[in-house]
Peer 1: 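Got a structure here, written out as structure tokens. Questions coming.
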Amino acid sequence: MNVDEYKDEHARTIIHIDIDCFYAQVEILKRPELKNVPLGIQQKNIVVTSNYIAREFGIRKCMLLTEAMQLCPNLVLVNGEDLNDYRTMSYKVTTLLQKYSEIVERLGLDENFVDVTKLVEQKLKNTDRSAGDPNQDVTNIVGSNDSYCQCGCEIRLKIGSLIADEMRRLIHNQLGLTSCAGIAHNKLLAKIVCSTHKPNQQSMLFPDSALELMLSLNNVESIPGIGRATSDILKSLGVRTVQDLQNAELSELHRLFEIDKAKFLQNLSFGIDNSPVKKSGKPLSLGLEDSCKLICAENEVKEKLGDLLKRLLLLVEADGRLPKTIKLTIRKFDKLTNTSRRETKQTNINPQFFTSGCVSQMNPNNIQKILMILMNMFRKLVRVHKPFHITLLGISLVKFNERPSFRNSIAPFLRKDIEVQSIISIENLNSNESSPESRTHSPSSCRESSDPECEPTPKRTKLSIFKRNFLEYDTCESPSKLRVQDLQLTSDSVQKVRCPSSIDESVFRELPLEMQQELWSEYKNSQIDYASCENKPKKIKSTNTILNYFVKQ
DNA sequence: AAGCCCCAG
DNA sequence: CATTCTGGGGCTT
């Protein structure tokens with residue numbers, strides 16, 4: 001249909017960053033003595049990943065513990081069932097990469113795509129373009145073809161390659177992690193080329209070598225985006241290799257796939273991928289799960305869920321948002337089919353259950369109430385009077401009360417997150433300095449993050465300074481007490497902006513009118529009744545977002 | 001919106 | 001083969 005769908009443009013510059021054996025590196029940072037031993041990260045009966053010393057023994061991803069120990073009797077194991085430290089480190093990496101572009105997409109905990117098209121163009125415009133090809137030293141160039149493409153992609157990718165080198169240096173200097181990078185004109189190729197040289201290396205692909213790279217893959221399942229199910233269907237059509245997929249008739253593929261999916265798959269086989277790098281923000285869900293040998297008693301379920309819930313509450317607190325929906329996941333073991341599948345049940349929950357601020361101070365009644373809700377859901381999933389066996393329990397929180405959108409709101413200023421400063425501005429700021437020692441200019445020459453000279457001061461409005469001062473009260477919010485009168489609708493005739501009862505009015509009146517209006521409107525919006533799972537009378541709810549920074553102590 | 005499946009690391 | 005512990009997205013109802 002549309003010719004453009006098949007057109008392969010090279011206008012973008014995409015970097016894929018992959019932290020080497022991520023869990024293992026995090027554990028080694030925690031316990032440096034593990035650095036020189038074969039190390040495996042264990043979850044239940046499985047070695048989910050390992051360091052490169054262990055890999056020399058043949059340890060592979062998700063290998064059974066018994067098998068791994070046979071291959072490497074001296075394998076040192078660390079339990080990695082709690083992903084907290086990995087998650088924390090993962091977001092640190094993403095935050096560093098956001099200095100190079102606002103367009104950073106996370107994939108799992110250890111990978112990021114960065115669209116550096118804009119930064120590359122900035123660098124191209126800069127008069128100071130260091131001559132030569134420093135790329136040759138730091139980057140593997142994948143493919144045997146010479147690049148004849150004249151669209152300008154060659155120089156763009158080479159600049160991208162320099163940026164990738166800086167990124168990896170920054171990640172190493174700031175966080176102590178080694179990583180790999182792939183540089184290409186789309187996500188698919190950046191990711192694939194990234195994996196061609198490991199560990200602690202980077203690789204670049206010029207578009208003319210895209211086909212060669214794709215054909216170097218063993219089978220269609222090695223193409224990111226083609227998983228088990230899709231490859232099984234392709235197999236039924238006799239399509240196994242990348243070449244098979246390239247040569248397949250679209251009409252043939254269309255027999256078993258929607259036409260869009262058929263085109264998409266065939267495009268992948270040619271290395272064509274026009275999908276944009278999508279900004280990752282806060283996660284859309286927060287969940288914990290625990291698999292277990294066998295659970296067959298209700299009180300056992302309750303105990304496990306209670307443990308998960310307490311841990312999850314810590315995550316919610318750190319996140320700052322309030323969830324509106326809770327989801328229970330179980331996995332039943334089916335003896336007959338010798339198979340297991342997951343089942344879920346979700347329900348809306350009053351976000352106020354999660355407002356206690358510090359979990360240590362959280363009302364134990366609250367935990368019990370949430371637990372009751374979970375057990376009710378469990379009884380809807382499992383007929384508890386008959387024998388049952390469960391092999392996994394999970395709790396997930398989804399559909400959070402949103403913060404106001406970035407552009408229209410003051411909330412972003414209130415975030416605890418470190419403000420991300422564009423690398424372009426950093427370069428502009430540092431452009432006068434000359435540092436003969438370091439060959440890079442931007443963030444890698446910017447090691448001491450505590451140095452105020454290093455991070456350019458963001459524009460500080462009076463308003464933002466005001467908000468910053470309030471941040472100090474953020475550690476533990478106090479529950480706000482609302483009165484019935486606060487629920488009255490603002491009449492149209494009222495000129496003065498109403499003051500939420502949770503805020504000291506004298507403070508409120510000092511605020512700019514715009515901000516007063518925003519606070520009132522947020523407050524008003526927070527006064528929504530959520531269906532309570534119990535039959536108790538509905539309570540009046542307090543608010544969840546920026547209002548919390550202003551509540552009376 | 002609920003619940004399933006598919007994808008990823 | 002899936003196995004762990006997550007998280008995103010899409011399809012069907």
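Proteins get letters first, then strands, A, B, ... in listed order; numbering begins at 1 in each.
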Peer 1: Would you say E81(A) and N79(A) are linked by a side-chain donor-acceptor pair, where the criterion is simply a distance under 3.5 Å?
Peer 2: yes
Peer 1: Please work out if I223(A) contacts a base, only the sugar-phosphate, or nothing of the nucleic acid, heavy-atom cut-off 4.0 Å.
Peer 2: sugar-phosphate
Peer 1: Sticking with atom P, work out how far dC1(C) lies from dC6(B), rounded to a whole angstrom.
Peer 2: 15 Å
Peer 1: Classify K399(A) by what it touches in the nucleic acid, base, sugar-phosphate, or nothing, heavy-atom distance under 4.0 Å.
Peer 2: sugar-phosphate
Peer 1: Just by protein heavy atoms under 4.0 Å, how would nucleotides 5-13 of chain C read 5' to 3' in B, S and -?
Peer 2: BBSSS----
Peer 1: Counting the atoms with a prime plus P, OP1 and OP2 as sugar-phosphate, which does G394(A) contact under 4.0 Å by heavy atoms, base, sugar-phosphate, or nothing?
Peer 2: nothing
Peer 1: Between Y86(A) (OH) and dT4(C) (P), how many Å, whole number?
Peer 2: 16 Å
Peer 1: Within the 4.0 Å heavy-atom criterion, would you say Q42(A) contacts the bases, only the backbone, or no part of the nucleic acid?
Peer 2: nothing
Peer 1: On DNA chain B, check which nucleotide each of K345(A) and S231(A) is closest to and give me the residue with the more 5' one.
Peer 2: K345(A)
Peer 1: Need two values: the first and the last nucleotide of DNA chain B, 5' to 3', having an atom under 4.0 Å from any heavy-atom of chain A.
Peer 2: dA1(B) to dG9(B)
Peer 1: Give one of base, sugar-phosphate or nothing for K380(A), where a contact means two heavy atoms less than 4.0 Å apart.
Peer 2: nothing
Peer 1: Check this for me: does any side-chain nitrogen of one of D85(A) and K30(A) sit under 4.0 Å from a carboxylate oxygen of the other?
Peer 2: yes
Peer 1: Does the side chain of E111(A) pick up a donor-acceptor pair with the side chain of H16(A) at under 3.5 Å?
Peer 2: yes
Peer 1: Please set out all donor-acceptor pairs under 3.5 angstrom arising from side-chain atoms of residues 287-294 of chain A, sequence neighbours excluded.
Peer 2:
| from | atom 1 | to | atom 2 | distance (Å) |
| --- | --- | --- | --- | --- |
| E289(A) | OE1 | R342(A) | NH2 | 2.6 |
| E289(A) | OE2 | R342(A) | NH2 | 3.4 |
| D290(A) | OD1 | K44(A) | NZ | 2.7 |

Peer 1: Using 4.0 Å as the upper bound for N to carboxylate O, is an ion pair formed by E252(A) and R255(A)?
Peer 2: yes
Peer 1: Once the angle between the rings of Y23(A) and Y86(A) is folded into 0 to 90°, is it parallel (under 30°), tilted (30 to 60°) or perpendicular (over 60°)?
Peer 2: parallel
Peer 1: Rounding to an integer number of Å, can you tell me how far K61(A) NZ sits from dA2(C) C1'?
Peer 2: 11 Å
Peer 1: Step by step, would you call T391(A) with S340(A) a side-chain hydrogen bond (donor to acceptor under 3.5 Å, both in side chains)?
Peer 2: CA-CA 8 Å; T391(A) 61; S340(A) 57; 5.3 Å; no
Peer 1: Which is true for S340(A) with a 4.0 Å heavy-atom rule: it touches a base, it touches only sugar-phosphate, or it touches nothing?
Peer 2: sugar-phosphate
Peer 1: Can you check the distance between dA2(C) and dC5(B), where both ends of the measurement are the P atom (answer in whole Å)?
Peer 2: 14 Å
Peer 1: So, are E105(A) and K187(A) salt-bridged, with charged N and O less than 4.0 Å apart?
Peer 2: yes
Peer 1: Is there a donor-acceptor contact under 3.5 Å linking the side chains of S101(A) and D115(A)?
Peer 2: no
